[in-house]
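Each chain gets a letter, A, B and so on, in the order the sequences are listed, and its residues count up from 1.
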2 protein chains.
Amino acid sequence: MTQQQPIDEWLKELMQQDDPQLKMTDKQARIVAAAAEIFARKGFAAASTSEIAQQAGVAEGTIFRHYRTKKDLLLSIVAPVMTRLVTPFVLRDFGRVFEDRYDSFDQFLRAVIENRILFLKKNMSILKIFVQEVPFHPDLQEQFQKVVLKQVLARMTVIVDRFREDGMLIDLPSSTIIRLAVSTMIGYVVVRALYGEKEGAEWDDEQERQATIDFIMRGLAVPTP
Amino acid sequence: MTQQQPIDEWLKELMQQDDPQLKMTDKQARIVAAAAEIFARKGFAAASTSEIAQQAGVAEGTIFRHYRTKKDLLLSIVAPVMTRLVTPFVLRDFGRVFEDRYDSFDQFLRAVIENRILFLKKNMSILKIFVQEVPFHPDLQEQFQKVVLKQVLARMTVIVDRFREDGMLIDLPSSTIIRLAVSTMIGYVVVRALYGEKEGAEWDDEQERQATIDFIMRGLAVPTP
DNA sequence: TTGAGTAGTGAGTAATCACTCATTTTTTCC
DNA sequence: GGAAAAAATGAGTGATTACTCACTACTCAA
């Protein structure tokens with residue numbers, strides 16, 4: 001199964017935590033892995049704790065020894081992904097990006113796209129769970145808005161402002177520029193995930209990626225009169 | 001509640017059906033309305049038939065007199081929206097569009113965008129249910145792929161091919177052009193739905209719409225060397 | 001070796017689930 | 001107005017739900 005691998009990869013990190021408070025027993029890790037797989041496949045509401053326990057090879061009571069409620073289990077899987085989503089944007093190192101490292105917007109775009117694609121590959125199923133459950137959990141929405149949206153938007157606004165002031169971007173509100181660029185990138189990522197990685201698909205990834213970046217760049221370039 | 005209105009509007013059409021086989025009793029209509037509201041708010045799996053019956057002011061047994069299972073009820077709400085999604089694309093009248101009516105791609109884009117925005121306003125909550133449930137119902141996925149995707153894609157490919165041959169679009173695969181244009185439009189629609197119609201939002205709809213169309217046009221125009 | 005603390009268990013709980021069906025109410029049509 | 005048909009009812013069904021708890025198994029420091 002294609003979903004197993006990224007979960008394992010992500011789990012490995014969780015289990016190798018040095019902080020003893022976050023350290024997991026073997027059975028706890030199997031619970032999280034089983035829950036993640038079943039949540040992704042059936043959705044949170046349709047997933048039963050008994051099925052999770054069975055798939056994890058664990059007694060049902062064991063789940064509730066580690067997580068007070070089923071929702072706690074969901075949050076323990078889904079919440080960490082949010083901070084991991086923001087991480088590259090708040091990193092000092094990434095902050096330098098828009099000061100002097102990249103001198104063209106499309107270089108910057110390509111860096112972001114490549115960085116986030118790697119992230120997606122490792123966190124696909126957990127992100128799927130997150131996207132599926134956000135509409136039904138106001139606390140998740142709130143957390144996402146405060147932790148992710150605000151931070152990332154603030155950082156990106158700074159970048160866009162700088163490029164616009166340098167005459168490398170069209171004169172539109174930063175929010176509009178970000179919306180256009182981000183929705184185009186999300187479209188690329190979603191189509192790629194849906195049709196790009198199937199067997200009989202004709203999807204030249206590098207070509208599509210380049211076309212996407214070029215499209216954004218032409219759309220956001222200062223019009224030459 | 002903002003969700004009530006579009007449901008009612010859509011229900012009115014259902015109830016005014018002339019085909020006696022599709023005619024609904026008053027109570028059946030109330031069941032569908034209640035189900036749509038609760039499915040949208042809590043998700044299909046978390047919605048209970050008893051709650052639907054209560055909100056509809058109907059005995060629980062009445063639901064199962066009209067719908068064999070809870071899933072049948074879901075499908076009766078969600079399936080019709082798919083054909084309504086395709087309708088404008090297979091309409092004769094719309095077919096003429098790309099023969100001689102519109103002579104520029106951005107005129108065509110604006111027509112599509114305006115047409116589909118009207119559709120969205122009337123079918124918001126049902127579309128929300130559809131998007132939320134598609135991942136968990138393979139039969140819905142299959143139906144969507146066959147009924148919507150194939151038809152709409154085929155039609156759009158013809159349009160794009162014609163505009164490209166007339167030298168009005170960049171030389172990229174039609175599928176790529178469609179992906180870029182559609183994902184940008186979806187981004188506009190989604191952001192508009194999330195942040196555009198709130199109270200304290202600064203969202204100049206006409207300006208954003210024009211910026212979006214312009215962005216697509218610049219991105220897809222033949223590059224002038 | 002012992003004892004304290006943690007991890008794991010699985011039968012048991014009340015509540016809720018989708019769905020049934022015998023019965024009653026309403027509508028239809030002559 | 002009365003009989004046949006259709007619509008609606010709600011108590012009842014067994015299955016399943018998330019979660020509890022008394023108990024056992026294991027780990028590890030003293």
(request) Whole angstrom is fine here: how far is it from CD1 in A:Ile52 over to P in D:dT17? (result) 11 Å
(message) Using salt bridge (Lys or Arg N to Asp or Glu O under 4.0 Å), reason through A:Glu206 and A:Arg110 one step at a time and then give a plain yes or no.
(response) CA-CA 11 Å; A:Glu206 186 44 50; A:Arg110 179 168 274 275; 3.1 Å; yes
(request) Output yes when at least one side-chain N/O atom of B:Lys27 is less than 4.0 Å from OP1 or OP2 of D:dT9, else no. (result) yes
(message) Could you check whether A:Phe215 and B:Phe215 have their ring centres less than 6.0 Å apart?
(response) yes
(request) Take the protein atom CZ of B:Arg30 and the nucleotide atom P of D:dA8, then report the distance between them rounded to whole Å. (result) 11 Å
(message) Measure CG/B:Asp26 against P/D:dT9 and give the value in whole Å, please.
(response) 11 Å
(request) Spell out protein contact along nucleotides 18-24 of chain D as letters: B when the base is contacted, S when just the sugar-phosphate is, - when no protein heavy atom is under 4.0 Å; keep the 5' to 3' order. (result) BBB-B--
(request) Give a yes or no answer on whether the side chain of B:Thr176 reaches the backbone of B:Leu172 with a donor-acceptor pair at less than 3.5 Å. (result) no
(request) Report the residue from B:Phe130, B:Phe144, B:Phe44 that forms a ring pair (Phe, Tyr, Trp, His ring centres under 6.0 Å) with B:His137. (result) B:Phe44
(message) My understanding is that only residues two or more places apart in sequence, or in another chain, count here; which of them pass salt bridge (charged side-chain N to carboxylate O under 4.0 Å, His left out) with A:Asp204?
(response) none
(message) Is A:Thr62 close enough to C:dT9 that one of its side-chain N or O atoms is under 4.0 Å from OP1 or OP2 there?
(response) yes
(message) Distance check needed: D:dA6 P versus B:Met24 CE, whole Å only.
(response) 19 Å
(message) Under the criterion salt bridge (Lys or Arg N to Asp or Glu O under 4.0 Å), I'd like the reasoning laid out for B:Glu60 against B:Lys70: C-alpha separation, chi angles, the key distance, then a yes or no.
(response) CA-CA 11 Å; B:Glu60 204 173 342; B:Lys70 193 175 81 160; over 6 Å; no
(message) Just the rounded figure in Å: distance from C1' of D:dA7 to CD1 of B:Ile63.
(response) 14 Å
(request) May I have the distance from B:Gln28 (atom CD) to D:dA8 (atom C1'), rounded to whole angstrom? (result) 12 Å
(message) Can you tell me if A:His66 touches the phosphate of C:dG8, counting only side-chain N or O atoms and a distance under 4.0 Å to OP1 or OP2?
(response) yes
